[in-house]
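Report on the structure given below.
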Protein chains: 2
Amino acid sequence: MSGRSRERQAKYQRIAAELRAGIETGEYEPGQRLPGENDLMAAHGVARMTARQALALLQAEGLVEARKGAGVFVRDFKPIRRLGVERLARAQWGSGRSIWAADIGGRDLVVDSVAVTEEEAPAAVAEILGLGEEDRACVRRRRFVLDGEPVLLSVSYLSAELVRGTPIAQPDTGPGGTYARLEELGRRPVRFREEVRSRMPNAEESAHLRMSSGMPVMLIGRTAFDDQGRAVEVNEMVLDASAYVLEYNFEA
Amino acid sequence: MSGRSRERQAKYQRIAAELRAGIETGEYEPGQRLPGENDLMAAHGVARMTARQALALLQAEGLVEARKGAGVFVRDFKPIRRLGVERLARAQWGSGRSIWAADIGGRDLVVDSVAVTEEEAPAAVAEILGLGEEDRACVRRRRFVLDGEPVLLSVSYLSAELVRGTPIAQPDTGPGGTYARLEELGRRPVRFREEVRSRMPNAEESAHLRMSSGMPVMLIGRTAFDDQGRAVEVNEMVLDASAYVLEYNFEA
DNA sequence: CATCGCAACATCTCTAGAGATGTTGTGCGG
DNA sequence: CCGCACAACATCTCTAGAGATGTTGCGATG
């Protein structure tokens, strides 16, 4: 038939619901392969495109992941806990410890690639940093990898004039990182603002994070201020949402 | 043909890219209708299913929204700024002001529906609140609407024993809200933890928030602690990610 | 002038088949 | 015993057509 009696829902939704239930009850465990196009066609007596629609629905929900030529597999979810406040406490970066150390329980989060350039900052960033038309920005682009999987893209902007000739303009910023160096320059960050939002990744982000379709990214925009209230750093981060839980602790 | 020469990308991706470019350059403005299935079939000489795939891609990216029988329209994005820290400052709720007032610039965020029940808390919540097998929880479920659009679902758990007979167990908690009442009970919240993550909505969330496919939700789990470090409230929120930006301010 | 019914048009769902392309394991040859 | 070629199998892409269903605006009717 076609567009048959809508007693409740479409065929592909019924099939998807059945598979979804199987995942939630644990019939199909994370990493396990589940029935593919051909299996569903045979089992439910539907056309290929209909079976595909059912699987596409589950992919869009982020429950499963299709690997071409191999099959459809149940996704896993073991997020990193990222402490928004404590990780930026001075006790952390003041002592030469990586501010990332506190994030992960035993797992291995490392910088995959670093690129430091001097370029013109986007208008919105230039405005925040108080850069004029002529001023340029030091831009630090980094990618972080956990267990071989890229999970975080970070782009950091600072006044080029301020950091020129310091380790901040080098790939390796030394013990304590950028913030320890800023303190040595008399521009210690004392206050932070983080803005969080979420959306679907664009093609570029999708490629850099090797994300499978149907998973959102979280965006964190962090601004660091010194004791004069001047913004000294703007950091834009793109996180694989399936890899992260953000935690913020604060007092009333 | 079929699965033709992959010089670079599939037909449906080329078509999607073209429309995407049109959106980004402003050729198609928010709210405007863009070429539908029939237009794309004619313009590119492809089959209906191929045109549909192109449009499905843009929907999955959250760029457009299809309205059955009407057409495909460009999405808009005007988020609410939610201040994670300041909104819970005592100056806010201590003075009888709604903690929501600071969030929105002139727009109208109101509670759409409130349901207060007494039931058994989920195991994870019971653990945090320190509830035993016998203890029950006061559960406050609310939906918030902005400009007629539902944007936030909130489920709040408190010890039923603690709040029984107080306004907290009523739909209207009075000036200053739940936290002002908790203070009167000698359990003033002094510390908060918020955990943020993001994923695609499930069917129920999708329906309650009237979300169009391809937009993620953000989940906030907030725990409020009193001066003894005891958890007095657990609040699980589901936010339409296209409606919110979360802001957290803190010191090093 | 208001309102209701309907036609035109939009997306949604589905069928049946087929070539392209990526993955995996097996078996043969060195 | 190692390694490579290849067959089997998986998903991906696309065609052409058609009935179902929701939206909208126009025209006829009261």
Side-chain angles (χ1 to χ4, degrees), chain A residues 1-19 28 31-60 63-75 203 206-207 210 212-214, chain B residues 1-19 28 31-60 63-75 203 206-207 210 212-214:
Chain A
M1 72 247 70
S2 55
R4 75 282 61 111
S5 59
R6 187 70 67 281
E7 52 269 355
R8 269 214 336 286
Q9 48 184 358
K11 278 190 191 177
Y12 78 96
Q13 289 178 330
R14 276 196 49 73
I15 298 173
E18 194 178 309
L19 293 172
Y28 305 112
Q32 197 179 328
R33 181 178 181 282
L34 51 81
E37 296 179 3
N38 300 309
D39 306 295
L40 295 178
M41 286 167 68
H44 294 85
V46 297
R48 157 154 277 109
M49 286 302 296
T50 307
R52 277 185 67 70
Q53 273 189 16
L55 294 172
L57 197 54
L58 298 182
Q59 284 182 63
L63 287 177
V64 307
E65 175 175 21
R67 291 210 303 271
K68 189 170 174 175
V72 181
F73 300 85
V74 181
R75 267 260 196 56
S206 207
R210 276 195 235 125
S212 47
S213 68
Chain B
M1 71 249 74
S2 57
R4 73 283 64 103
S5 61
R6 186 70 67 281
E7 50 270 353
R8 269 211 339 285
Q9 47 183 358
K11 278 189 190 177
Y12 78 96
Q13 288 178 331
R14 278 195 48 72
I15 298 173
E18 194 177 308
L19 293 172
Y28 306 114
Q32 199 180 328
R33 180 177 183 282
L34 49 81
E37 295 179 4
N38 299 310
D39 306 295
L40 295 179
M41 286 168 69
H44 294 85
V46 297
R48 158 154 277 110
M49 285 302 294
T50 307
R52 277 186 66 71
Q53 275 187 32
L55 294 172
L57 196 54
L58 298 182
Q59 284 182 63
L63 287 177
V64 307
E65 176 175 20
R67 292 212 303 272
K68 189 170 174 175
V72 181
F73 300 85
V74 180
R75 265 259 197 58
S206 208
R210 275 195 235 129
S212 48
S213 70

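Residue numbers start from 1 in every chain, and the chains themselves are labelled A, B, ... in the order their sequence lines are given, proteins ahead of strands. Values below: all heavy atoms of this structure, side chains included; hydrogens, waters and symmetry mates excluded.
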Between [N] and [X], is there an OP1 or OP2 to side-chain N/O distance shorter than 4.0 Å?
X: B:Tyr12; N: D:dC14; result: no
X: B:Asn38; N: C:dT11; result: yes
X: B:Lys11; N: D:dT15; result: yes
X: A:Thr50; N: C:dT13; result: no
X: B:Arg52; N: C:dC12; result: yes

Revision key, fill the gap. Out of D:dA10, D:dC14, C:dC14, minimum distance to the side chain of A:Arg33 belongs to D:dA10
Study note, to complete from the structure: In A:Leu34, A:Leu19, A:Val72, the residue satisfying side chain to side chain contact (heavy atoms under 4.5 Å, CB included) with A:Leu40 is A:Leu19
Point to revise | Spacing of A:Glu65 atom CD relative to D:dC12 atom C1', expressed in whole Å | key: 16 Å
Review point. Does a side-chain heavy-atom distance below 4.5 Å link B:Glu18 with B:His44?
Key: yes
Review point. Just wondering, do B:Gln59 and B:Val64 contact through their side chains at under 4.5 Å, heavy atoms?
Key: yes
Study note, to complete from the structure: Assign each of B:Gly71 and A:Arg48 the nucleotide of DNA chain C bearing its closest heavy atom; nearer the 5' end lies the nucleotide of B:Gly71
Check your understanding: What is the minimum heavy-atom distance between B:Glu37 and B:Ala51, and which atoms define it?
Key -> O-CB, 3.9 Å
